[in-house]
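Report on one structure; see the data block that follows.
Both ligands and their constituent atoms are indexed starting at 1 by order of listing. The first residue of the sequence shown is numbered 1, and numbering continues consecutively from there.
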Amino acid sequence: MVYCKWAATALTLLTVSSVGVEAVPAKYKPDPDPIKLKEKRALAPVTLTIGPATKTIGLTTRFPTLGTASLSLSLSPIPVSSTTKSSTLPVYTLPTTTPIVYTTPGYTTPGGYGGYTTPGTTTTSKTTTRTTTSSTKTSATPTYTPVVGANNTCYNRLKIETLQRTDPDQFNMLLLAWQKVQATPDSDPFSHYQLAGIHGAPFITWQMGPGSYDYTRGYCTHGSALFTTWHRPYLLALEQALFHAAMSIASTFTGTALTQYLAAAGRVRLPYWDWADPTTQSYLPPITMATTVTVIRPDSFGNPVSAVINNPLFAYNFLSASSIAPFGSPFNAHMSTRRYPDGSWNDRSYLASSNMQGGFSSRVTSTYTAFLSGSYNLFSNRIEGVHDGVHGATGGGGNMGYVAYSSFDPLFWLHHCNVDRLTAMFQATQPSLFVTPASAVGTFARPVPPNTIDDQTTDLFPFRRADGSWYKSSHLNPVSTIWSMKYGYPEVPCSYQGKNPADLDTFTTGQVNTLYGKGRTPIPGTVIRDWNVRLLIDQAEIAGGFDIYVYGGTRPSDPYNDPYGKGYIGSLSSMSMGSVDQYKQSRIRFVDVSLNSYLKDYGYYGSDPYKITSYLTQDLYYTIIANGKPCYFQDLYTAKYAVYSRDIYDDGKPDVLPYYSSDYYYHVNVTEKYVGGIKSIDEIQYPFKVDGTREIPWAENTTSIKT
Ligand SMILES: *[C@@H]1O[C@H](CO)[C@@H](O)[C@H](O)[C@H]1NC(C)=O
Ligand SMILES: *[C@@H]1O[C@H](CO)[C@@H](O)[C@H](O)[C@H]1NC(C)=O
Ligand SMILES: *[C@@H]1O[C@H](CO)[C@@H](O)[C@H](O)[C@H]1NC(C)=O
Ligand SMILES: [Cu+2]
């Protein structure tokens, strides 16, 4: 029985057809899988209608078989107001009394695609649904709160363990603030519920008002050149909520506690989990595994008292049954987030932690070599690959493994804060590189007809800047722009504001080398080979979630039950969209898994290529698990793996990064005998997608290689 066959077309139709069954063309047969049918029932709030052909939200382009039929999706009552709900945060008031009307034109792409109105503009919705007689409405720009972060001076975001140890008052205020944000009603755009909901489920139009939306995906960008930049204002939105919540709680203290905690609240910034730091070895931060935590909070007289509270970093508890009602199974049955839940939804964070530790040594070298990337997009994709692996290793059927549900777990934010930090570090050390145009990935508010390009000017919906305009990647470069968002990192510190960017480059490079470059070269001034496995697949080939694991030296006796066990080196993790949306846009995803530390462990690192390739030919193993079930390369069309090496020149200086001094050497002789292994170089350089076309994923500017 093949479990991982491509079923994207049928599946997607099923997903959108949860109510409007008769709207589905007859030739699409219902999926007999009872689990999926159950999930479909859970999707009741999504209504499908065939509406006027004016708003196609890109579906026709992704499903050419639909011909000219256009699908419009509209959301019937979800317990969250999607329109003009104002935040508990101060609402930004414009310096003028005239309401702004955004005049962003509809998307016009080379393919000639008109008629799409940017959501959040003054919009006439033409959508009609069967459940309501008419939802035709004209609305002005919704009230909104821009995403600006804290409003005082720049403070560094800290490693969570450092924050706990060195600034317990700030940490205390962070806990109180996050508890408050988690307890804020779902109707508030800056509640934990809605902020988390931006990423995926329940597919709410966060502060954007009526418009055409794609209710099969969230606003988040994955597998796109905008992965790192979109998540930056996203994190900032939560930071803003935490900051103001902390300030508001602190202001209820009295006496000397008032001064002390107001100051501490002013420093509240999102902490990060550095999963590549050699001192903490990828283990989950212990504080994120504790169910309760002791805090100091104000009593009714404003005096500080000690209290034990549910730890807001351990899990998020949904506020009501209606909060989870729009979710797919199993998330519509549990009132709390979980990591590696057992059959009774009990937390098993300890499994997440040991999985993470098992992948530590290749994670740190993969992180380090990402800094050597010759293009920003390549860096972004490599860091995203490492990031995907963290989602996979911490999810285990819980929230973290699903694009649509991960952001409800507080751990998501610490994880992504680290991604943002590594991005800032890359920007500091490679100030001439930034986002370059790449084929676009569709999101909730951004349909992508063929030939659409994502670039630095692409709107990062739904985040608005202080002047009401949409964030764009271009607003996030150079790296000094983070300081005007009132945060820095220890490696890109606020204290460098106003200094020469070259000094920051030197400083940050030193930090990259110190943290992640341990033992980078045995002999300064020499060339050393960097060895990797590149795994790739068109993510649309397997519906739902899947992982491809690489093992070396040995492998777990039962990799299907213990995929992160003995011998685990790394993996390509495709986060599932979640049961609400099994479909993923056709796109090549790849991950570079560093083999350097594994070769070191087995005494081969630095050996000649003949010896290493002979060894690797015998010694690498691959396992694919798709939606919890075994899957095999012979059943897949686009999944491939290749072994490559590159020369790295390293002069050994602490404040200079090594650099690639050769192009890729693909060692076809390691993989050609195996199913899934490449037999020719073009299989990895110009890989096939599910539709038989080929895509060059994230080309690096190799003309910039120094030799
Ligand atoms: C900054 O935020 C604090 C806390 O929410 C608020 O009291 C203060 O008025 C804000 N200051 C400005 C200048 O907006
Ligand atoms: C495999 O090919 C590489 C060149 O890509 C070569 O250096 C190496 O010696 C070959 N290994 C074996 C075992 O033939
Ligand atoms: C590639 O790098 C070279 C040298 O740094 C530069 O001149 C060229 O503009 C770059 N090309 C692209 C497409 O980035
Ligand atoms: Cu993520």
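- Residue-ligand proximity, Thr613 to ligand 2, at heavy-atom distances under 4.0 Å covers atoms 1 (C), 8 (C), 10 (C), 11 (N), 12 (C), 13 (C).
- The nearest pair of heavy atoms linking Gly397 to Phe331 is O-CZ, 4.1 Å.
- Judged by the 6.0 Å and 45° rule, Arg157 forms no cation-pi pair with Tyr272.
- Angle NE2 (His416) to the Cu ion (ligand 4) to NE2 (His387): 100°, rounded to 10°.
- For ligand 2, the polar-atom distance check against Ser614 finds no nitrogen or oxygen pair separated by under 3.5 Å.
- Under 4.0 Å is where a charged nitrogen must lie from a carboxylate oxygen, and between Lys159 and Asp274 no such pair does.
- Among all protein heavy atoms, the one lying closest to atom 7 (O) of ligand 2 is Pro609 CB, 3.8 Å.
- Short contacts between ligand 1 and Met247, defined as distances under 4.0 Å to a heavy atom of the residue, involve ligand atoms 4 (C).
- Checked by atom type, the side-chain pair Arg339/Thr394 shows no donor-acceptor distance below 3.5 Å.
- Atoms of ligand 2 found under 4.0 Å from any heavy atom of His667 (numbered from 1 in listed order, with element): 3 (C), 4 (C), 5 (O).
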Check: Are Arg465 and Tyr471 close enough, and set up right, to give a side-chain hydrogen bond (donor to acceptor under 3.5 Å, both in side chains), and what steps lead you there?
Finding: CA-CA 6 Å; Arg465 307 204 314 148; Tyr471 272 93; over 6 Å; no
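- Distances below 4.0 Å separate heavy atoms of Asn669 from the following atoms of ligand 2: 1 (C), 2 (O), 3 (C), 8 (C), 10 (C), 11 (N), 12 (C), 14 (O).
- At a cut-off of 3.5 Å, with distance as the only test, no side-chain donor of Asp167 or Tyr155 sits close to an acceptor on the other residue.
- Set against the non-hydrogen atoms of Asn151, the atoms of ligand 1 under 4.0 Å away are 1 (C), 2 (O), 3 (C), 8 (C), 10 (C), 11 (N), 12 (C), 14 (O).
- Using modelled atom types, one side-chain atom of Asn627 and one backbone atom of Ala543 make a donor-acceptor pair closer than 3.5 Å.
- With a cut-off of 2.8 Å, the Cu ion (ligand 4) has an N, O or S atom of His391 in range.
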